[in-house]
Amino acid sequence: MLKTFIGRLRELFTVSGDSPELVQAQFRAFCRQMPTLYFILTVSTLAVSYTFSSRAPLWLSVYLPVAVCLICVGRFVWWLRAGGKPVSHEVALHHLRLTNVLAALLSVALSTWGLNLYGYGDAHAQGHVIFYMALTVIGCIFCLMHLRSAAIAVTLIVIVPYILFLMAKGGPTERAIAVNLALVCMAMISVLLTHYRDFKALIASRRDLTRQQAETQALSNENFRIANIDALTGLANRRRFFYDAEAAFDVVRDSRMPLAIGVIDLDGFKPVNDTFGHAVGDRVLVEAAERFGAIVAATRPLKAAVYRLGGDEFGLIVQGDMTATDLEDLGRRLTEVMSRPFRTGQAHAQMACSVGFAQWPRSGDSAESLFECADYALYHAKRHLRGQTVLFSAEHQAEIINQSVVERNLQAADLSAELSLVYQPLIDLRTGGTVGFEALARWDNPTLGRVGPAVFIPAAERAGLIGTVTRVLLEKALREARTWPSAIGLSFNLSAHDICAAEGVVRLIAIVHASGIDPKRIDFEITETAMAADFERAHQSITALKALGCQVSLDDFGTGYSSLNYVHRLPLDRIKVDRSFVADLDTNPASRKIVKSLTSLCLDFGLTSVIEGVETAEQLEVLAGLNGDLAQGYLFARPMPALEIPAYLAGEAIAFTAPLVRRD
Ligand code: C2E
Ligand code: CA
Ligand code: CA
């Protein structure tokens with residue numbers, strides 16, 4: 001019982017450091033209130049000292065109060081200077097405890113001083129002492145409100161002896177004052193205790209709220225992190241890419257510092273994924289991300305970051321004082337690092353990547369348009385400079401404008417009137433005779449004039465018109481082919497969209513049926529890009545065309561990736577060796593080797609080889625030793641309108657047809 005009482009008493013008079021938030025709040029309150037306290041104390045002590053200077057001995061009336069006042073001024077200055085500056089928990093606690101001790105010591109000193117002075121004064125001077133003690137103490141209690149221990153100590157140390165003193169020594173007036181003072185002090189202590197409890201509770205609830213807020217913040221930070229990270233590679237994701245790009249753009253708009261956005265696309269990833277499975281595909285992506293990350297980390301002094309935009313596409317944001325050469329350099333390092341082989345279990349996969357960059361302020365006036373320009377540069381790289389870096393340029397800008405003009409005119413065009421076909425013969429290298437014609441599309445538009453398929457086919461794909469374009473062309477081609485001798489075949493080009501769209505081939509099959517032509521005479525040419533886009537769909541479509549009795553050729557062979565993979569897995573009839581290998585056949589031994597190995601491959605797989613783009617007699621000469629089956633090119637004939645075909649075939653029949661090349 002006694003122990004708990006002493007314990008509670010001790011608790012009442014000590015400053016606890018248990019709650020750092022409370023200590024800090026008390027300290028902050030004191031920084032505002034302590035200067036007031038010391039000011040009141042100093043001024044009123046000096047006033048009493050002045051009243052008694054001629055009545056009491058100097059040590060009591062002057063020296064002692066001045067000494068106390070000097071301490072007060074010292075503390076006054078300290079608290080004034082401490083105001084507003086953040087301090088550590090230890091420093092705050094130290095000064096609260098010091099204040100606690102000082103409050104007790106000053107109370108003892110000043111109340112003893114007052115009591116001693118009292119005897120030297122007349123009624124007025126004594127009244128001053130009573131007034132001084134009572135009011136100063138009330139002022140001090142208010143100022144010490146946030147430190148319960150100090151406030152109670154001051155009240156008890158000053159007031160209790162005073163009341164006892166006045167009761168014992170004073171007349172009726174002094175006793176009445178004593179009673180009054182006792183009542184006021186009791187009321188003040190009660191107010192003080194309530195206030196202190198509320199203050200503590202407020203700080204505690206604020207602390208809980210802060211903790212809660214901190215926890216909520218931590219949780220939302222984590223959510224934000226997860227929402228912005230690509231789970232597979234650990235790189236920042238597409239959302240983050242656009243967020244950062246916008247933020248970077250906001251900065252550079254003010255600072256005029258150059259900014260570039262890049263897009264990287266892996267070349268040959270789809271075949272790896274199809275052949276080795278998704279687990280290997282995932283590993284390749286992770287490793288690609290690591291390789292890109294390492295290159296990007298070494299771009300100092302430029303600031304660069306890499307993101308995974310989805311699939312096998314990555315994004316780059318580059319900031320800093322850069323030139324086009326710096327970007328080309330960065331692109332070269334990225335393509336180089338991707339060309340190193342990837343381990344895929346037992347085997348190695350060879351891949352590459354193409355990069356498109358767009359620079360601000362040269363291209364695009366927003367993060368989004370800069371990205372679109374970079375994407376266009378990438379598209380350009382993939383079509384014309386695979387495995388390389390392309391910077392968006394003024395020519396690209398002009399192309400985009402051209403393309404949108406083409407797209408708009410295509411949308412408004414009367415397709416069945418404006419589309420037509422020209423035909424280029426396929427020559428049997430053994431007999432020199434024409435075995436068929438490849439139909440090549442032409443578009444004659446009243447506004448644009450004649451537009452080549454390399455321009456309008458991609459435009460039709462983008463505008464979602466390719467299905468209609470293909471059907472119009474196929475109907476025309478079949479109608480014209482019906483008039484040819486039955487031994488002459490028709491090769492017809494399909495776009496990736498034709499064989500990847502769900503109802504695409506079904507409608508083509510219906511057209512072939514309706515034409516009444518023998519499906520065996522028809523050969524559909526399909527490029528590798530179509531396989532890469534959606535292998536399963538493409539496979540199904542090819543199987544359906546084969547089931548109809550048509551033939552299927554793999555066009556532009558050798559320009560894509562993992563070509564062998566397709567040859568192996570698809571029910572093909574022919575392979576058309578891309579004309580880029582033929583162009584320097586007579587001058588470049590490497591091209592010779594490639595063509596030779598491709599024709600051998602066709603022999604091994606029982607496929608017919610078609611050599612495209614034979615332009616010169618020299619090329620044909622070299623071809624002689626390379627075992628090709630069929631050939632096509634300006635040397636034999638340029639693409640011709642359907643009307644010229646009867647005359648062409650008749651002329652050929654009259655001419656002496658002999659084997660063009662010797663068969664090994
Ligand atoms: P492709 O299938 O590789 O067609 C062969 C292209 O090479 C044709 O260009 C042809 O005119 C050209 N060519 C033929 N012999 C030679 C030669 O000896 N030297 C050179 N330098 N070129 C030669 P064209 O007609 O401009 O067609 C370009 C591409 O457009 C075609 O490439 C094909 O991919 C596409 N295309 C053409 N017609 C159609 C079509 O009806 N539908 C679809 N989807 N694509 C088509
Ligand atoms: Ca073709
Ligand atoms: Ca071709």
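Both counts, for ligands and for their atoms, begin at 1 and track the order of listing.
- Between Y648 and F437, a ring centre-to-centre spacing shorter than 6.0 Å is recorded.
- We find that D573 and K546 are joined by a salt bridge, their nearest charged nitrogen and carboxylate oxygen being less than 4.0 Å apart.
- In this view, D584 and N588, S591 satisfy the side chain to side chain donor-acceptor pair (under 3.5 Å) rule, not counting sequence neighbours.
- Between S600 atom OG and K593 atom NZ the span is 13.0 Å, to the nearest 0.5 Å.
- Other residues, nucleotides and ligands contribute more than 12 heavy atoms inside 6.0 Å of the CZ atom of R442.
- The protein non-hydrogen atom at the shortest distance from atom 14 (C) of ligand 1 is Q424 OE1, 2.9 Å.
- When the heavy atoms of F456, Y634, F636 are ranked by distance to atom 16 (C) of ligand 1, first place goes to Y634.
- Judged by the 6.0 Å and 45° rule, R638 forms a cation-pi pair with Y634.
- For atom 19 (N) of ligand 1, the closest non-hydrogen atom of the protein is E615 OE2, 2.5 Å.
- Heavy atoms of other residues, nucleotides or ligands lying less than 6.0 angstrom from NE2 of H384 number more than 12.
- Put simply, part of R442 is less than 4.0 Å from ligand 1, judged by heavy atoms.
- Ligand 1 has a nitrogen or oxygen under 3.5 angstrom from a nitrogen or oxygen of A441.
- Close approach of ligand 1 to L473 is summarised as follows: ligand atoms under 4.0 Å from at least one heavy atom of the residue are 41 (O).
- Ligand 1 is approached by E612 to a heavy-atom distance shorter than 4.0 Å.
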Query - CA sep, side-chain torsions, deciding dist, call: L429, L620, side-chain contact (heavy atoms from CB on, under 4.5 Å) - result: CA-CA 9 Å; L429 284 171; L620 183 63; 3.9 Å; yes
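- Contacts of P639 with ligand 1, taken as heavy-atom pairs under 4.0 Å, involve the side chain alone.
- The local environment of CZ in R343 is crowded, with over 12 non-hydrogen atoms from other residues, nucleotides or ligands closer than 6.0 Å.
- At least one heavy atom of R579 sits under 4.0 Å from some atom of ligand 1.
- The distance between the ring centers of F371 and F241 falls below 6.0 angstrom.
- In the displayed structure, R332 atom CZ is contacted under 6.0 Å by more than 12 heavy atoms of other residues, nucleotides or ligands.
- Taking the side chain to side chain contact (heavy atoms under 4.5 Å, CB included) definition, one finds that D274 meets it with F535, R569, sequence neighbours left out.
- At the top of the distance list for atom 44 (N) of ligand 1, counting protein heavy atoms only, stands S495 N, 3.4 Å.
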Query raised in the report: Should R291 and E287 be marked as a salt bridge (Lys or Arg N to Asp or Glu O under 4.0 Å) after you check the CA-CA gap, both sets of side-chain angles, and the distance that decides it?
Result: CA-CA 6 Å; R291 292 185 188 184; E287 196 174 327; 2.7 Å; yes
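- Taking 4.5 Å as the limit, some side-chain heavy atom of L494 sits within range of a side-chain heavy atom of L508.
- With ligand atoms numbered from 1 in the order given, ligand 1 contributes 18 (O) to contacts under 4.0 Å with heavy atoms of V614.
- For atom 2 (O) of ligand 1, the closest non-hydrogen atom on the protein side is D555 OD2, 2.9 Å.
- Taking every heavy atom of G633 and a limit of under 4.0 angstrom, the matching atoms of ligand 1 come to 15 (N), 18 (O).
- W443 is not listed as a side-chain neighbour of V455, based on a closest heavy-atom distance of 4.5 Å or more.
- Among all non-hydrogen protein atoms, the one lying nearest atom 10 (C) of ligand 1 is L440 CD1, 3.7 Å.
- Annotation: ring-ring contact (aromatic ring centres under 6.0 Å, His included) contacts of F492 (sequence neighbours excluded): none.
- The protein heavy-atom contact nearest to atom 24 (P) of ligand 1 is P453 CG, 3.7 Å.
- Contacts between K576 and ligand 1 below 4.0 angstrom, taking non-hydrogen atoms only, are absent altogether.
- Checking atom 21 (N) of ligand 1 against the protein gives a heavy-atom contact under 4.0 Å.
- Contacts between E438 and ligand 1, counted as non-hydrogen atom pairs separated by less than 4.0 Å, involve the side chain only.
- The heavy atom nearest to atom 3 (O) of ligand 1, considering only D556, D498, V582, N493, is found in D556.
- Under the 4.0 Å distance rule, the nearest protein heavy atom to atom 32 (O) of ligand 1 falls outside the cut-off.
- Counting heavy atoms of neighbouring residues, nucleotides and ligands inside a 6.0 Å radius, atom CD of E368 does not exceed 12 of them.
- Ligand 1 lies nowhere less than 4.0 angstrom from a heavy atom belonging to G452.
- Each of the atoms 44 (N) of ligand 1 lies under 4.0 Å from some heavy atom of L494.
- With a cut-off of 3.0 Å, the protein N/O/S atoms near the Ca ion (ligand 2) add up to 4.
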